[in-house]
Participant: 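Structure incoming, see below.
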Amino acid sequence: MPNYDENCIFCKIIKGEIPSNKVYEDDLCYAFRDINPQAPTHILVVPKTHITSCAEIDDSNAALVGHIFTAIAKIARQEGLTERGFRVISNSGKDAGQTVPHLHFHILAGKDMGEVLV
Ligand code: 5GP
Ligand code: ZN
């Protein structure tokens, strides 16, 4: 059973209480277009259970995170991103600029992002 946080925006999106532009879904994860895209393609991939950030990944949910990465590869193929490439980012905590405290992976693509990370 998923564990939802009543006040979490992404939990509300997963439950369908807030509309979103779905890209991919399976039993364990959900992917949708970012409301404020920072690249021509900007997709968020989230687990369907509330995990706050990468700082909460441990042995109990590591398989779920692995599953999300297989979903990311599927989405990249589905969206035609594999030839030119794509970037995957997960912000964790204040210094990283995390604004939504529900684990999510940004898939960014469709422009040359260069070699600089920050
Ligand atoms: P963070 O800054 O936590 O790494 O990323 C949060 C992302 O969620 C931001 O890129 C922001 O634009 C996106 N976001 C915030 N609220 C919503 C929403 O209600 N719907 C969608 N589709 N994206 C959202
Ligand atoms: Zn949540």
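Counting starts at 1 for both ligands and their atoms, following the listed order. Starting from 1, each residue takes its place in the sequence as its number.
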Participant: May I ask you to check whether His106 has an N/O atom sitting below 3.5 Å from an N/O atom of ligand 1?
Facilitator: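 Yes, there is a polar N/O contact under 3.5 Å.
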Participant: Identify whether Val65 and Ile75 are in the same connected component of the hydrophobic contact network (ILVMFWY, side-chain heavy atoms under 4.5 Å).
Facilitator: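 In one cluster: yes.
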Participant: Suppose you place the vertex at the Zn ion (ligand 2); what is the angle out to Cys11 SG and Cys8 SG, to 10°?
Facilitator: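 Taking the Zn ion (ligand 2) as the apex, the two atoms subtend 120°.
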Participant: What is the name of the N/O/S atom in His50 that sits closest to the Zn ion (ligand 2)?
Facilitator: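 Of all N, O or S atoms belonging to His50, ND1 is the one nearest the Zn ion (ligand 2).
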Participant: Within the 4.0 Å heavy-atom shell around Phe32, which atoms of ligand 1 are there?
Facilitator: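 Those qualifying, in numeric order: 21 (C), 22 (N).
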Participant: Looking only at N, O or S atoms in His102, which is nearest to the Zn ion (ligand 2)?
Facilitator: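 Distance check against the Zn ion (ligand 2) picks out ND1 in His102.
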Participant: For atom 5 (O) of ligand 1, find the nearest protein heavy atom and state the residue, atom name and distance (0.1 Å precision).
Facilitator: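 The protein heavy atom lying closest is His104 NE2, 3.0 Å.
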Participant: What protein heavy atom is closest to atom 18 (C) of ligand 1, reported as residue, atom name and distance in Å?
Facilitator: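 Going by distance alone, atom 18 (C) of ligand 1 is nearest to Ile13 CD1, 3.9 Å.
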Participant: Note the single closest protein heavy atom to atom 2 (O) of ligand 1, along with its residue, its atom name and the distance in Å.
Facilitator: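 Its nearest protein heavy-atom neighbour is Thr99 OG1, 2.9 Å.
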Participant: Please say yes or no: joined through hydrophobic side-chain contacts below 4.5 Å, possibly via intermediate residues, are Val46 and Ile72 part of one cluster?
Facilitator: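 No: no chain of side-chain contacts under 4.5 Å links Val46 to Ile72.
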Participant: Which heavy atom of Ser90 sits nearest to which heavy atom of Leu103, and what is that distance?
Facilitator: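 Shortest heavy-atom contact: OG-CD1, 3.8 Å.
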Participant: Using the rule given for side-chain contact (heavy atoms from CB on, under 4.5 Å), can you reason through His106 versus Leu44, listing the C-alpha separation, both sets of side-chain angles and the distance that settles it, and then say yes or no?
Facilitator: CA-CA 5 Å; His106 299 257; Leu44 300 171; 3.3 Å; yes
Participant: Which residue owns the protein heavy atom closest to atom 8 (O) of ligand 1, what's the atom, and how far is it?
Facilitator: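 Scanning the protein heavy atoms, the shortest distance from atom 8 (O) of ligand 1 goes to Phe10 CZ, 3.4 Å.
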Participant: Test your reading of the structure: does Asn91 have an N or O sitting under 3.5 Å from an N or O of ligand 1?
Facilitator: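 Among all N and O atoms of Asn91, at least one is under 3.5 Å from an N or O of ligand 1.
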Participant: Same cluster or not: are Val23 and Ile13 linked, directly or through other Ile, Leu, Val, Met, Phe, Trp or Tyr residues, by side-chain heavy atoms under 4.5 angstrom apart?
Facilitator: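 No.
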Participant: Which bit of Ile89 is near ligand 1, meaning a heavy atom under 4.0 Å away: side chain, backbone, both or neither?
Facilitator: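 No part of Ile89 is near ligand 1 at this cut-off.
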Participant: Indicate if Leu28 and Phe32 have the same hydrophobic cluster label, given that clusters are the connected sets of ILVMFWY residues with side-chain heavy-atom separations under 4.5 angstrom.
Facilitator: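 In one cluster with Leu28: Phe32, no.
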Participant: Tell me, which protein residue and heavy-atom name are nearest atom 15 (C) of ligand 1, and how many Å apart are they?
Facilitator: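 For atom 15 (C) of ligand 1, the nearest protein heavy atom is Val100 CG2, 4.1 Å.
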Participant: Among all protein non-hydrogen atoms, which one is nearest to atom 22 (N) of ligand 1, and what is the separation to 0.1 Å?
Facilitator: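 Minimum-distance protein heavy atom for atom 22 (N) of ligand 1 reads Arg33 O, 2.9 Å.
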Participant: Report yes or no: do Val100 and Tyr4 belong to one cluster of Ile/Leu/Val/Met/Phe/Trp/Tyr joined by side chain heavy-atom distances under 4.5 Å?
Facilitator: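 In one cluster with Val100: Tyr4, yes.
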Participant: Could you pull out the closest heavy-atom pair between Asn36 and His42, with the gap in Å?
Facilitator: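 Closest approach of Asn36 to His42, heavy atoms only: O-ND1, 4.1 Å.
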Participant: For Phe105 and Phe69, I'd like to know if the aromatic rings sit close, meaning centre-to-centre distance below 6.0 Å.
Facilitator: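 Between Phe69 and Phe105, which both carry aromatic rings, the centre distance is below 6.0 Å.
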Participant: How many angstroms lie between NZ in Lys12 and CD in Glu6, if you round to the nearest 0.5 Å?
Facilitator: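 Atom-to-atom, Lys12:NZ and Glu6:CD are 8.0 Å apart.
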Participant: At their closest point, which heavy atom of Gly93 faces which heavy atom of Gln98, and how far apart are they?
Facilitator: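 Smallest interatomic distance, heavy atoms only, reads N-OE1, 2.8 Å.
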Participant: Please list the nearest protein heavy atom to atom 11 (C) of ligand 1 with its residue and the distance rounded to 0.1 Å.
Facilitator: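 Among all protein heavy atoms, the one nearest atom 11 (C) of ligand 1 is Asp34 OD1, 3.4 Å.
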Participant: Of the backbone atoms (N, CA, C, O) and the side-chain heavy atoms from C-beta on, which set of Ile9 has a member under 4.0 Å from an atom of ligand 1: side chain, backbone, both, or neither?
Facilitator: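 Looking at Ile9 and ligand 1, just side chain atoms fall under 4.0 Å.
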Participant: Which ligand 1 atoms, with their elements, are less than 4.0 angstrom from a heavy-atom of Asn36?
Facilitator: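 Within the 4.0 Å cut-off of Asn36, ligand 1 contributes 12 (O).
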Participant: Please report the shortest heavy-atom distance between His102 and Cys11, naming the atom on each side.
Facilitator: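 Shortest heavy-atom separation between His102 and Cys11 comes out as ND1-SG, 3.6 Å.
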Participant: Identify, for atom 17 (C) of ligand 1, the protein heavy atom at the shortest distance, and state residue, atom and that distance.
Facilitator: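 Protein heavy atom at minimum distance: Ile35 CG2, 3.8 Å.
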Participant: Using a strict cut-off of 4.0 Å, indicate which atoms of ligand 1 neighbour a heavy atom of Gly97.
Facilitator: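 Ligand 1 atoms under the 4.0 Å threshold to Gly97: 2 (O).
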Participant: Below 4.0 angstrom from a heavy atom of Gln98, which ligand 1 atoms are there? Numbered from 1 as shown, please.
Facilitator: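 Atoms satisfying the 4.0 Å criterion: 3 (O).
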